[in-house]
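Each ligand, and each atom within it, is numbered from 1 in the order the structure gives. The basis for the numbers below is simple: all heavy atoms, side chains too, and nothing from hydrogens, waters or symmetry mates.
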Amino acid sequence: MNKITIAIDGFSSTGKSTVAKQLAKHLGYVYVDSGAMYRAVTFYAMQNGLISKDDFNVEALIFQLEKITISFKFNESLGFAEVYLNGENIEKQIRTLEVSSFVSKVAAISEVRQKLVEQQQKMGLDKGVVMDGRDIGTVVFKDAELKLFMLASAEKRAIRRFDELIERGDKVLYEDVLHNVVERDHIDSTREDSPLVKADDAIEIDNTDMTLEEQFDKILKLAKMTIEGLK
Ligand code: CDP
Ligand code: CDP
């Protein structure tokens, strides 16, 4: 069967990673969470005192990029690959609101993007990959056979992310989560290098009022049609 590349871009908490994991499982494809890679670099910067609320030593981070190795290892019981920073599993640590508050600043640095995009493109060489992020259809896999662009209202997205963080046991305020979602939308969409924009050939999906099931059904149909169309 023809294997395709599926690129899923869009705003935070639009269900990109959920649907990407479902698709990968269903089609027997590899799922790659490109956002986890930007979060991993951010976590490194935090651990090494390079970024804080008041300060960001961009030069030092760029200088230390060669010391950062990001890898993924499939976790059978979770059903997806977890992210590792220099050999350490950091899957849980990178999902905090604190990491979210710095990540868009780190992701705006061209040197960081260059390093991660190169690794992402290598992971997609054999096709059969579903990758989600902000620049997958516009930069990483410009030739992807299926491109999706996901959006939903900021309030709905903030509720989804807030519920997730509370369930994890993180003490966060809804207002702070909403602020982070809106701030990241702005930084990600207005940065100079690879801003978050819909690729001309991407299919837009607004899931403000869609359940996870409805969203998956719709996207699986699109994927099957694309694969069929190549035969
Ligand atoms: O899960 P959520 O949508 O909140 O974020 P994520 O996918 O984990 O991405 C975190 C951040 O990494 C984004 O807000 C972007 O700043 C950056 N990112 C990016 O610039 N390019 C990508 N391909 C993926 C993520
Ligand atoms: O990857 P991204 O940040 O775009 O979103 P996600 O992590 O897949 O989804 C964020 C949260 O929203 C998860 O808890 C999803 O279950 C939830 N969600 C939902 O309830 N309904 C949707 N249509 C999409 C996402």
Side-chain angles (χ1 to χ4, degrees), residues 7-24 31-43 45 70 80 83 90-121 123-124 130-141 144 147-168 177-178 180-197 199 205-219:
I8 307 182
D9 289 305
F11 296 93
S12 165
S13 311
T14 45
K16 300 183 300 298
S17 61
T18 305
V19 78
K21 280 177 198 158
Q22 289 171 316
L23 274 180
Y31 163 60
V32 181
D33 177 356
S34 73
M37 300 170 75
Y38 290 93
R39 288 176 178 273
V41 175
T42 305
F43 188 67
I70 297 166
F80 63 89
V83 67
I90 54 156
E91 182 64 36
K92 285 216 173 65
Q93 293 96 304
I94 59 167
R95 308 288 168 191
T96 63
L97 190 53
E98 196 185 7
V99 172
S100 296
S101 73
F102 298 133
V103 65
S104 291
K105 288 182 193 140
V106 170
I109 301 169
S110 290
E111 287 82 352
V112 171
R113 304 203 68 82
Q114 209 180 328
K115 175 184 169 89
L116 300 188
V117 167
E118 198 177 300
Q119 187 177 350
Q120 289 154 8
Q121 288 174 333
M123 288 190 270
V130 188
M131 193 176 290
D132 79 313
R134 302 292 186 286
D135 62 340
I136 311 306
T138 51
V139 176
V140 181
F141 300 133
K147 298 183 186 178
L148 304 169
F149 190 80
M150 314 263 286
L151 51 148
S153 78
E155 288 73 20
K156 195 70 180 264
R157 292 186 285 124
I159 291 172
R160 290 173 183 165
R161 187 48 56 93
F162 174 73
D163 287 347
E164 241 177 18
L165 290 165
I166 292 295
E167 201 167 308
R168 271 171 49 113
V177 176
L178 177 62
N180 176 256
V181 160
V182 173
E183 183 177 57
R184 277 200 289 140
D185 287 356
H186 177 70
I187 301 177
D188 293 345
S189 308
T190 56
R191 69 182 173 221
E192 233 165 81
D193 191 346
S194 318
L196 168 63
V197 284
I205 295 180
D206 183 332
N207 63 22
T208 307
D209 297 313
M210 260 187 221
T211 64
L212 289 176
E213 290 72 26
E214 287 167 344
Q215 169 183 303
F216 178 56
D217 285 351
K218 186 180 168 87
I219 294 175

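- The distance criterion of under 3.5 Å between nitrogen or oxygen atoms is not met by Tyr38 with respect to ligand 1.
- Lys156 places a side-chain N or O within 3.5 Å of a backbone atom of Thr208 that can act as its donor or acceptor partner.
- Among all protein heavy atoms, the one lying closest to atom 8 (O) of ligand 2 is Thr18 OG1, 2.5 Å.
- Between the side chains of Asp193 and Ser110, at least one donor N or O sits under 3.5 Å from an acceptor N or O.
- With hydrogens and angles ignored, the 3.5 Å screen pairs no side-chain donor or acceptor of Arg161 with any backbone N or O of Leu97.
- Within the 4.5 Å cutoff, the side chain of Tyr38 has no heavy atoms near those of the Val106 side chain.
- Summary of contacts: the protein heavy atom closest to atom 10 (C) of ligand 1 is Arg184 NH1, 3.6 Å.
- Remark: minimum distance from atom 24 (C) of ligand 1 to any protein heavy atom is reached at Ser34 OG, 3.3 Å.
- Looking at heavy atoms from C-beta onward, Phe11 lies in side-chain contact with Phe149 at the 4.5 angstrom threshold.
- The atoms of ligand 1 that sit less than 4.0 Å from any heavy atom of Arg39 are 2 (P), 4 (O), 5 (O), 6 (P), 8 (O), 10 (C).
- Under 4.0 angstrom from ligand 1, the non-hydrogen atoms of Ser13 all belong to its backbone.
- Not a single donor-acceptor pair under 3.5 Å links the side chain of Asp132 to the backbone N or O of Ile8.
- Between Arg191 and Asp188 there is a salt bridge, since at least one side-chain N of the basic residue sits less than 4.0 Å from a carboxylate O of the acidic one.
- A side chain to side chain donor-acceptor pair (under 3.5 Å) with Asn207 is found for one member of Lys16, Gln215, Lys218, Glu214 and no other, namely Gln215.
- Counting only heavy atoms of the protein, atom 7 (O) of ligand 2 lies nearest to Ser17 OG, 3.2 Å.
- Of all protein heavy atoms, the one closest to atom 23 (N) of ligand 1 is Asp135 OD1, 2.8 Å.
- Taking a cut-off of under 4.0 Å to the non-hydrogen atoms of Gly133, the atoms of ligand 1 that pass are 22 (C), 23 (N), 24 (C).
- For the 3.5 Å distance criterion, the side chains of Ser12 and Arg184 qualify, holding a donor opposite an acceptor.
- Around atom 9 (O) of ligand 1, the closest heavy atom drawn from Gly35, Ala107, Gly137, Gly15 belongs to Gly35.
- For ligand 2, the atoms lying closer than 4.0 Å to a non-hydrogen atom of Gln215 are 22 (C), 23 (N), 24 (C).
- The protein heavy atom nearest to atom 16 (O) of ligand 2 is Leu212 CD1, 3.5 Å.
- Listed by number with element, the atoms of ligand 1 under 4.0 angstrom from any heavy atom of Ser12 are 2 (P), 3 (O), 4 (O).
- The shell of residues lying under 4.0 angstrom from ligand 1, judged by heavy atoms, excludes Met131.
- Regarding atom 14 (O) of ligand 1, its nearest protein heavy-atom neighbour is Asp188 OD2, 2.7 Å.
- Here the side chains of Leu116 and Ile70 are in contact, with some heavy-atom distance below 4.5 Å.
- When the options Lys16, Arg134, Arg160 are ranked by their closest heavy atom to atom 22 (C) of ligand 1, first place goes to Arg134.
- In this structure, Arg157 contributes its side chain and Ala152 its backbone to a donor-acceptor pair below 3.5 Å.
- Looking at ligand 1, you won't find any N or O of Arg95 less than 3.5 Å from one of its N or O atoms.
- Some N or O of Arg113 is nearer than 3.5 Å to an N or O of ligand 1, by distance alone.
- Arg161 counts as a contact of ligand 2, since one of its heavy atoms falls under 4.0 Å from the ligand.
- Counting heavy atoms from C-beta on, the side chains of Arg134 and Pro195 never come closer than 4.5 Å.
- Ranking the protein heavy atoms by distance from atom 11 (C) of ligand 2 puts Glu164 OE2, 3.4 Å first.
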